[in-house]
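Within every chain, numbering begins at 1; the chains are lettered A, B, ... in the order of the sequence lines, protein sequences first and strands thereafter.
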There are 2 protein chains.
Amino acid sequence: MPEEKLSPEKQAEGFSIAREKQAVALMEDYVELIAELTDELGEARVADIAERMGVAQPTATKAIARLKREGLATSRPYRGVFLTAEGAQMAKFVYERHRTLVGVLMKIGVSKEAAEIDAEGIEHFVSDEMLAAFKKFLSDT
Amino acid sequence: MPEEKLSPEKQAEGFSIAREKQAVALMEDYVELIAELTDELGEARVADIAERMGVAQPTATKAIARLKREGLATSRPYRGVFLTAEGAQMAKFVYERHRTLVGVLMKIGVSKEAAEIDAEGIEHFVSDEMLAAFKKFLSDT
DNA sequence: TATATTTTATAGCACAGGCTATAATAAGAA
DNA sequence: TTCTTATTATAGCCTGTGCTATAAAATATA
């Protein structure tokens, strides 16, 4: 049963979509992490963000600048980072999507540890339809 | 049932892994596409590669240069692009991983069309363990 | 309060992937 | 064979993400 081929345009569009999603993937990771740190420690500091992202501190500072530019976070010099309403909403969505993915992966037989890491990688590329199907799969089983 | 938190190091490692995988993701896409074109048309030409990737021709040329640099493909000026043994092996692996993913997604309730696009996005971030679990899920069901 | 330490910001560099414009070559037509 | 057309290569630019080294500000300590 060979899958029928997509048209060149469709195929190109798929790659384009994937590229665009990559652009927001990092922002989602930072937003999610800021929410996490705020929750755990009461505030999200640049140093902690950098440590948990596994990047150098200036890299985190630069990413935060971009978050601010895009209206997802705020911060004043030498103070912690805070999510805007929009950023918080994104964090909530990302968190729930992550939990859904981990749930399905574990149900399929992936260990919790691997599921967490895999979900981290793939979560940014999940379509609404796939997410809906995964939620249904979780609640139906 | 709150998931226990990963240590900062583990979490950072997860992000690092995701970043590294992103670096090979594009190469995988190109390799897969070259195999596809060779199969369909007998050869993979730069113009066709660019069209199907949805990028400008010089972008494809540059990507191909990188494939050559990494020993995945060969080409002579103004001729088609060919995979090396290593490149062909990668193409085969990527193809099978893609089919596995699409199979599982469809089994979970995602439409074929969405499954193809979603698989394209997430396939590069799938761990060996997740892939093995997906294969088992497919054959057990 | 003055000084030391920690934290954040800035400067400057590299690489990858995207683009447009243009040159060079190959392939097809006159 | 010569000329036109299609294809590929090259040049040069922008943006994003990463880095190290260093400056500046805030915090902690003497």
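For A:F125, the ring-ring contact (aromatic ring centres under 6.0 Å, His included) partners at least two apart in sequence or on another chain are B:F125.
Using a cut-off of 4.0 Å between Lys/Arg side-chain N and Asp/Glu carboxylate O, A:R45 and A:E51 are scored as not salt-bridged. Contact check on A:R79 versus A:E43 returns no salt bridge, with no Lys/Arg side-chain nitrogen under 4.0 Å from an Asp/Glu carboxylate oxygen.
The neighbour count for B:E70 CD, taken as heavy atoms of other residues, nucleotides or ligands under 6.0 Å away, is above 12. Within a 6.0 Å sphere centred on CD of B:E40, other residues, nucleotides and ligands contribute more than 12 heavy atoms.
Listed by chain and number, the hydrophobic cluster partners of A:Y78 come to none, as no ILVMFWY side chain reaches under 4.5 Å of it.
For DNA chain D, the contact window with chain B, defined by any atom under 4.0 Å from a protein heavy atom, covers D:dT7 to D:dG18 in 5' to 3' order.
The salt bridge (charged side-chain N to carboxylate O under 4.0 Å, His left out) contacts involving residues 119-138 of chain B comprise B:K136-B:D140, where partners must be two or more places apart or lie in separate chains.
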Give me the distances for all protein-to-nucleotides 13-20 of chain C N/O pairs that come in under 3.5 Å?
from: C:dA16; atom 1: O3'; to: B:R66; atom 2: NH1; distance (Å): 3.3
from: C:dG17; atom 1: OP1; to: B:R66; atom 2: NH1; distance (Å): 2.6
from: C:dG17; atom 1: OP2; to: B:R66; atom 2: NH1; distance (Å): 2.9
from: C:dG18; atom 1: O6; to: B:K62; atom 2: NZ; distance (Å): 2.7
from: C:dC19; atom 1: OP2; to: B:A56; atom 2: N; distance (Å): 2.7
from: C:dC19; atom 1: OP2; to: B:T59; atom 2: OG1; distance (Å): 2.7

Pull out every protein N or O sitting under 3.5 Å from an N or O of nucleotides 3-7 of chain C, one pair per line with the distance.
from: C:dT7; atom 1: O3'; to: A:R45; atom 2: NH2; distance (Å): 3.0

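Between A:M53 and A:L26 there is a side-chain heavy-atom pair separated by less than 4.5 Å. Contact annotation: the side chain of B:Q89 never approaches that of B:F93 to less than 4.5 Å [non-hydrogen atoms, C-beta and beyond].
If you measure from atom CZ of B:R76 to atom P of C:dT25, you get 15 Å, rounded to the nearest angstrom.
Checking side-chain atoms of B:S127 against main-chain N and O of A:D118 turns up no donor-acceptor pair under 3.5 Å.
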